[in-house]
Novice: 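Input: one structure, supplied below.
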Amino acid sequence: MGQGDSELIVTDTAAVLIDAGEQSAADDILADLQQYGITKLDWIIGTHPHADHIGGFPTILNYAAQNSDLTICNAMSPQLPDSMVPTTRTYEKFLDGIEANGLILTPATSMTIDMGTASLEIIPSPAEDYSSLNDYSICAYLTCGDTSFFFTGDASKPEEKDLLEKGELDGIQADVLKVGHHGSRESSTDAFLAQLQPSYAVISCGTGNSYGHPHSEAVSRLQQYCGEQIWRTDESGTVTISSDGSNLTVTTEK
């Protein structure tokens with residue numbers, strides 16, 4: 001995904017795509033869908049409308065609108081105050097793609113998506129007055145048997161703090177953490193990690209990216225829980241984690 005961010009969740013009966021990286025990632029994602037034999041995405045979820053998270057969706061949506069071998073059933077994005085709704089061309093193309101598939105963009109609310117052998121709990125951003133779009137990120141909690149995964153979008157300190165204070169993470173522990181905001185020092189705070197207690201972490205970041213992601217401070221905090229079980233897409237390429245309900249298996253592209 002380069003500096004972008006995208007996660008594909010596949011079970012025996014369902015598939016969900018969380019984010020779609022930058023526009024340049026769309027063809028790779030479409031190839032992955034074909035590789036896994038996926039002809040239907042039950043949901044696509046844009047965690048927040050930055051181009052490195054929703055940039056690939058317009059191409060994927062347009063493909064689905066024009067080809068019978070891919071159907072997109074539902075689409076979700078965060079509820080934003082009017083002042084934060086983007087006017088970018090990327091976001092406009094995203095909305096156009098939603099319309100081309102005859103879909104209505106569902107505002108994120110607390111809900112659970114049944115994925116057969118797994119369950120995906122949607123955790124919307126808990127406040128309405130953030131200064132950054134990152135903190136409107138939709139989070140999601142996937143459970144499969146005794147294993148669990150937490151997806152963060154670009155959530156950083158303010159959203160993490162509110163999720164904790166409002167009890168949105170009560171009872172939630174995650175074996176695998178999709179690390180927030182590409183491993184920025186502004187994410188993966190001590191209190192957030194103490195709640196989730198992850199054993200595995202995946203950081204989506206581009207090789208030699210101009211932001212310096214992942215930041216050493218965040219990696220150091222993650223190492224307290226994950227040790228050496230931290231995977232970076234700039235080093236490992238696509239990271240695939242499989243669960244049989246009891247055990248996790250990690251394979252990487254590189």
Novice: Identify whether Leu8 and Leu70 are in the same connected component of the hydrophobic contact network (ILVMFWY, side-chain heavy atoms under 4.5 Å).
Specialist: yes
Novice: Is there side-chain contact between Val179 and Pro198, with heavy atoms separated by less than 4.5 Å?
Specialist: no
Novice: Would Ser243 and Thr147 count as having a side-chain donor-acceptor pair, cut-off 3.5 Å?
Specialist: yes
Novice: Given side-chain hydrogen bond (donor to acceptor under 3.5 Å, both in side chains), test His182 with Asn209 step by step and report yes or no.
Specialist: CA-CA 10 Å; His182 315 282; Asn209 68 84; over 6 Å; no
Novice: Rounded to the nearest 0.5 Å, what separation is found between the OG atom of Ser187 and the CZ atom of Phe192?
Specialist: 8.5 Å
Novice: Do Ile113 and Asp42 come close enough that some side-chain heavy atom pair is under 4.5 Å?
Specialist: no
Novice: Find out whether Tyr225 and Leu196 are in side-chain contact, i.e. whether some heavy atom of one side chain is under 4.5 Å from a heavy atom of the other.
Specialist: no
Novice: If Ile, Leu, Val, Met, Phe, Trp and Tyr residues are connected whenever their side-chain heavy atoms lie under 4.5 Å apart, and connections chain through other members, are Phe57 and Ile138 in the same group?
Specialist: no
Novice: Does the pair Lys157/Glu160 count as a salt bridge with the N-to-O cut at 4.0 Å?
Specialist: no
Novice: Report the residues that fulfil ring pair (Phe, Tyr, Trp, His ring centres under 6.0 Å) with Tyr130, sequence neighbours left out, ordered by chain and then residue number.
Specialist: Tyr136
Novice: Quick one: are Ser137 and Pro78 in side-chain contact, heavy atoms under 4.5 Å?
Specialist: no
Novice: Answer whether the closest heavy-atom distance between the side chains of Val176 and Lys178 falls below 4.5 Å.
Specialist: no
